[in-house]
Amino acid sequence: MSERESLNRSTATAVRVAVSMIKRRTRETFADNELSAPELSALSQIDRTGPTAIAELARSTRITPQSMGATVAALERLRLVSRDPDPADKRRSLLTVTDAGRDVVHSGRDSVTEKMATALANSFTDDEVATLAAAAPLLERLAQLF
């Protein structure tokens with residue numbers, strides 16, 4: 001194995017471990033709103049991407065349309081998403097986040113952001129924060145490519 005291949009593997013492992021820890025802490029923060037992880041994931045995805053069909057949502061989150069249908073039904077019962085006819089294709093409907101759903105997503109995101117910002121302020125040097133700021137777009141690009 002070349003030196004670059006070894007560096008790629010060790011970096012991939014370190015990033016995977018760090019992201020897993022951040023995901024776990026994020027889920028703990030979101031757990032207060034009593035939605036399941038799949039419900040939160042679907043709600044967040046619809047909020048980020050805008051109106052979407054169940055099939056597209058299932059494909060983007062890599063679960064079956066049947067499972068996504070059950071998740072969406074729960075979100076509809078809680079009035080966190082609404083289902084409206086697709087103006088381009090009346091045979092299908094699009095899911096949209098309601099104001100209440102947006103409040104749930106944004107309050108959770110704001111809470112996570114606040115906790116991270118506090119940790120950065122209390123435990124990281126200016127140079128370390130700058131390094132993390134520079135790495136963030138690279139981590140996002142990595143997430144899009146694999």
Side-chain angles (χ1 to χ4, degrees), residues 1-84 86 92-146:
M1 180 181 298
S2 75
E3 199 171 312
R4 174 61 192 261
E5 289 170 331
S6 178
L7 179 62
N8 288 348
R9 290 188 64 77
S10 65
T11 301
T13 299
V15 168
R16 180 185 51 77
V17 168
V19 168
S20 292
M21 291 171 66
I22 290 171
K23 280 176 56 176
R24 187 171 41 257
R25 295 299 301 257
T26 299
R27 276 195 302 270
E28 290 168 2
T29 300
F30 269 103
D32 295 339
N33 68 26
E34 299 181 16
L35 292 180
S36 69
E39 289 165 352
L40 264 172
S41 177
L43 187 62
S44 295
Q45 181 77 14
I46 298 166
D47 184 59
R48 274 193 307 279
T49 62
T52 188
I54 287 180
E56 293 164 2
L57 186 59
R59 204 172 11 262
S60 71
T61 56
R62 296 183 176 141
I63 66 170
T64 66
Q66 295 80 4
S67 293
M68 184 55 72
T71 298
V72 167
L75 294 172
E76 284 181 300
R77 278 192 302 279
L78 295 169
R79 293 179 169 45
L80 300 178
V81 297
S82 63
R83 191 187 301 239
D84 300 299
D86 182 346
R92 70 182 202 152
S93 28
L94 297 177
L95 302 167
T96 306
V97 175
T98 63
D99 289 341
R102 199 166 288 108
D103 288 346
V104 167
V105 170
H106 291 272
S107 68
R109 285 181 187 160
D110 291 347
S111 179
V112 168
T113 299
E114 276 307 309
K115 285 184 177 187
M116 279 191 191
T118 298
L120 290 170
N122 294 337
S123 304
F124 290 78
T125 66
D126 291 348
D127 287 343
E128 289 171 328
V129 172
T131 298
L132 287 170
L138 299 174
L139 292 169
E140 187 172 336
R141 190 171 92 204
L142 177 63
Q144 293 169 349
L145 293 173
F146 84 91

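Computed over heavy atoms, backbone and side chain alike; hydrogens, waters and symmetry mates excluded.
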For [X], enumerate each residue passing the side chain to side chain contact (heavy atoms under 4.5 Å, CB included) test, keeping only those at least two apart in sequence or located in another chain.
{"X": "Ser6", "result": "Met1"}
{"X": "Thr113", "result": "none"}
{"X": "Leu139", "result": "Val15"}

Query raised in the report: Which heavy atom in Ile54 sits nearest to a heavy atom in Pro65, and how many Å separate them?
Result: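 Reported closest heavy-atom pair: CG2-O, 4.1 Å.
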Query raised in the report: What closest approach, in Å, do Thr71 and Pro38 show between heavy atoms, and which atom pair accounts for it?
Result: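 Residues Thr71 and Pro38, closest heavy atoms: CG2-O, 3.7 Å.
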**Report entry** Qualifying salt bridge (charged side-chain N to carboxylate O under 4.0 Å, His left out) pairs with a residue from residues 59-79, counting only residues at least two apart or across chains
**Finding:**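 Counting only pairs at least two positions apart or across chains, the salt bridge (charged side-chain N to carboxylate O under 4.0 Å, His left out) contacts touching residues 59-79 are Glu76-Arg83.
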Report task. Determine which pairs satisfy salt bridge (charged side-chain N to carboxylate O under 4.0 Å, His left out) with at least one residue from residues 36-56, sequence neighbours left out, and list them in order. Result ->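 Pairs touching residues 36-56 that pass the test: Asp47-Arg102, Asp47-Arg109, Glu56-Arg92.
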Report task. For the pair Leu35 and Leu78, evaluate side-chain contact (heavy atoms from CB on, under 4.5 Å) and give the outcome as yes or no after the intermediate values. Result -> CA-CA 10 Å; Leu35 292 180; Leu78 295 169; 3.5 Å; yes
Report task. Count the heavy atoms of every other residue, nucleotide or ligand shown that sit under 6.0 Å from CG of Asn122, and state whether that count exceeds 12. Result ->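 Buried by this count: over 12 neighbours within 6.0 Å.
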Rounded to the nearest 0.5 Å, how far apart are [atom1] of [X] and [atom2] of [Y]?
{"X": "Arg25", "Y": "Ser20", "atom1": "CZ", "atom2": "OG", "value": "14.0 Å"}
{"X": "Leu138", "Y": "Leu142", "atom1": "CG", "atom2": "CG", "value": "9.0 Å"}
{"X": "Leu94", "Y": "Asp86", "atom1": "CG", "atom2": "CG", "value": "4.0 Å"}
{"X": "Glu140", "Y": "Leu145", "atom1": "CD", "atom2": "CG", "value": "10.5 Å"}
{"X": "Leu43", "Y": "Ser36", "atom1": "CG", "atom2": "OG", "value": "10.5 Å"}

Extract all donor-acceptor atom pairs below 3.5 Å that involve side chains of residues 126-135 and protein atoms in other chains or at least two apart in sequence.
residue, atom, partner, partner atom, Å
Glu128, OE1, Thr125, N, 2.8
Glu128, OE1, Thr125, OG1, 3.4
Thr131, OG1, Asp127, O, 3.0

Query - Steps toward side-chain contact (heavy atoms from CB on, under 4.5 Å) verdict (Glu114, Asp110) - result: CA-CA 6 Å; Glu114 276 307 309; Asp110 291 347; 5.6 Å; no
Query - Pairwise side-chain hydrogen bond (donor to acceptor under 3.5 Å, both in side chains) hits with a residue in residues 8-19, at least two apart - result: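 Listed by first then second residue: Arg4-Asn8.
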Suppose we screen for side chain to side chain donor-acceptor pair (under 3.5 Å). Which residues come up paired with [X], at least two apart in sequence or across chains?
{"X": "Ser123", "answer": "none"}
{"X": "Ser60", "answer": "Gln45"}
{"X": "Thr96", "answer": "none"}

Query raised in the report: Side chain of Thr98, backbone of Leu80: donor and acceptor closer than 3.5 Å?
Result: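 It does hold such a pair.
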